[in-house]
Amino acid sequence: MSQKWKQPERPIFIEIKGSDVFMTDRRYIIRKEQALEIIQKLLEFYELDDVDEIISQHNLVLDFSYDGFDFSNRYNRHGSLVYHYTEFGLDRKEEWSFKCDWCNKKVSSKEEAGYYRFTSFPDIEATMMGRTCSEDCARHRWDELLTEFIKAKYPNEHELLLKKLGLKD
């Protein structure tokens, strides 16, 4: 079998005869020369002075992303906006009102067409009943809720996440 071997992008490890070997994603065992090149690159990385910090930061960002958060738009979670506009029912006979969670402005069904509410996230309790008078207030309140959530869930690493999200200079 004459097949041209190339270094795979993501080597896979398996055990053969009591030793770990590199395999391609198609399950071909990588030739010795290519394996030694991969090992050299691994050594270069793992010998960096700040390797533990690099690994911790990478894994933290990955963990946060797996929680559904989006670093490119902090107002998205699991691919959707964390708040949405809700109209007051036109058939409502009684006035219904609340105070905005951010600015404390009274929002009334007689004076406003609608309001903003948060998508419920069980791990962020305040989203269950959160309501605001405007999109601007919804964004400010979400920033506050997200900051509180991050500080509670990631007490030792919260500054990095807040900075990556643009919530801290």
Side-chain angles (χ1 to χ4, degrees), residues 7-15 20 22-25 38-89 92 96-109 111-169:
Q7 182 174 338
E9 290 182 24
R10 295 182 203 128
I12 301 168
F13 300 92
I14 66 159
E15 186 178 322
D20 290 335
F22 291 113
M23 295 183 80
T24 68
D25 54 355
I38 293 170
I39 292 167
Q40 182 58 41
K41 288 180 181 180
L42 287 169
L43 283 172
E44 288 171 11
F45 173 75
Y46 284 101
E47 289 176 346
L48 291 172
D49 290 337
D50 59 346
V51 68
D52 291 332
E53 184 178 340
I54 292 169
I55 292 169
S56 293
Q57 287 182 8
H58 172 83
N59 291 342
L60 172 67
V61 167
L62 196 60
D63 184 43
F64 191 68
S65 296
Y66 286 153
D67 269 343
F69 294 101
D70 183 348
F71 285 102
S72 64
N73 182 352
R74 67 180 179 253
Y75 303 107
N76 276 344
R77 187 166 187 199
H78 301 295
S80 300
L81 271 175
V82 295
Y83 58 84
H84 56 276
Y85 183 75
T86 301
E87 291 184 356
F88 286 113
R92 181 176 285 279
W96 182 77
S97 66
F98 65 90
K99 287 195 174 197
C100 174
D101 285 353
W102 180 252
C103 71
N104 287 323
K105 171 186 168 187
K106 181 180 177 182
V107 180
S108 166
S109 60
E111 298 171 12
E112 307 289 338
Y115 58 97
Y116 286 83
R117 35 184 314 188
F118 292 104
T119 303
S120 292
F121 297 110
D123 54 350
I124 303 178
E125 282 187 40
T127 61
M128 303 296 192
M129 296 298 294
R131 296 184 291 256
T132 62
C133 65
S134 67
E135 184 172 15
D136 192 48
C137 284
R139 286 176 171 249
H140 284 297
R141 180 66 175 135
W142 175 254
D143 288 347
E144 183 178 68
L145 293 172
L146 184 56
T147 299
E148 291 169 6
F149 171 78
I150 290 170
K151 285 181 176 180
K153 185 164 182 180
Y154 305 96
N156 299 322
E157 304 97 349
H158 69 273
E159 288 187 18
L160 172 69
L161 291 174
L162 294 175
K163 187 173 183 176
K164 283 191 167 291
L165 288 165
L167 290 169
K168 184 175 180 165
D169 295 330

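A quick note: this is a predicted structure, and the numbers were derived from the prediction, not measured. Along the sequence shown, the residues carry numbers beginning at 1.
- In this structure, CD1 on Ile38 lies 12.0 Å from CG on Leu43, to the nearest 0.5 angstrom.
- Residues passing the side-chain hydrogen bond (donor to acceptor under 3.5 Å, both in side chains) test with Lys153 are Asp67, sequence neighbours excluded.
- The two residues Asp70 and Leu165 come nearest to each other via the heavy atoms O-CD2, 4.0 Å.
- Using the six-membered ring where Trp is involved, Phe88 and Phe98 have ring planes that are tilted, between 30° and 60° apart.
- For residues 48-66, there are no salt bridge (Lys or Arg N to Asp or Glu O under 4.0 Å) pairs, not counting sequence neighbours.
- Within the model, atoms CH2 of Trp102 and SG of Cys133 stand 11.5 Å from one another, a figure rounded to the nearest 0.5 Å.
- In this structure Lys105 satisfies the salt bridge (charged side-chain N to carboxylate O under 4.0 Å, His left out) test together with Glu112, sequence neighbours excluded.
- Residues meeting the side-chain hydrogen bond (donor to acceptor under 3.5 Å, both in side chains) test with Asn156, sequence neighbours left out: none.
- Taken to the nearest 0.5 Å, the CG atom of Leu167 stands 4.5 Å off from the OG1 atom of Thr147.
- Scanning for salt bridge (charged side-chain N to carboxylate O under 4.0 Å, His left out) contacts around Arg77 gives Asp123, with sequence neighbours left out.
- The side-chain hydrogen bond (donor to acceptor under 3.5 Å, both in side chains) check on Glu87 picks up nothing, with sequence neighbours excluded.
- Partners of Arg74 according to the salt bridge (charged side-chain N to carboxylate O under 4.0 Å, His left out) rule, which considers only residues two or more places apart in sequence or in another chain, are Asp143.
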Side chain to side chain contact (heavy atoms under 4.5 Å, CB included) evaluation trace for Phe69 with Ile150: CA-CA 11 Å; Phe69 294 101; Ile150 290 170; over 6 Å; no

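- Taking both residues in full, the closest heavy atoms of Pro155 and Ala152 are given as CD-O, 3.6 Å, listed atom of the first, atom of the second, then distance.
- Residues satisfying the side-chain hydrogen bond (donor to acceptor under 3.5 Å, both in side chains) criterion with Tyr83, sequence neighbours excluded, are Glu135, Arg139.
- Every residue two or more places apart in sequence or in another chain was checked for a ring pair (Phe, Tyr, Trp, His ring centres under 6.0 Å) with His78, and none qualifies.
- Counting only distance, with no hydrogens or angles, the side chain of Asp101 and the backbone of Thr132 share no donor-acceptor pair below 3.5 Å.
- In this view, Leu160 and Gln57, Leu60, Lys164 satisfy the side-chain contact (heavy atoms from CB on, under 4.5 Å) rule, not counting sequence neighbours.
- One finds the OH atom of Tyr66 at 9.5 Å from the CG atom of Asn59 (value rounded to the nearest 0.5 Å).
- Legend: residues meeting salt bridge (charged side-chain N to carboxylate O under 4.0 Å, His left out) with Glu144, ordered by chain and number and at least two apart, are Arg141.
- Leu161 has its side chain out of reach of Phe149: every pair of non-hydrogen atoms, C-beta onward, lies at least 4.5 Å apart.
- Environment of OH in Tyr46: sparse, with no more than 12 heavy atoms of neighbouring residues, nucleotides or ligands closer than 6.0 Å.
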If you look only at distance, which donor and acceptor atoms sit under 3.5 Å apart when one is on a side chain in residues 114-122 and the other is two or more places apart or in another chain?
{"unit_1": "Thr119", "atom_1": "OG1", "unit_2": "Leu81", "atom_2": "O", "d": "3.4"}

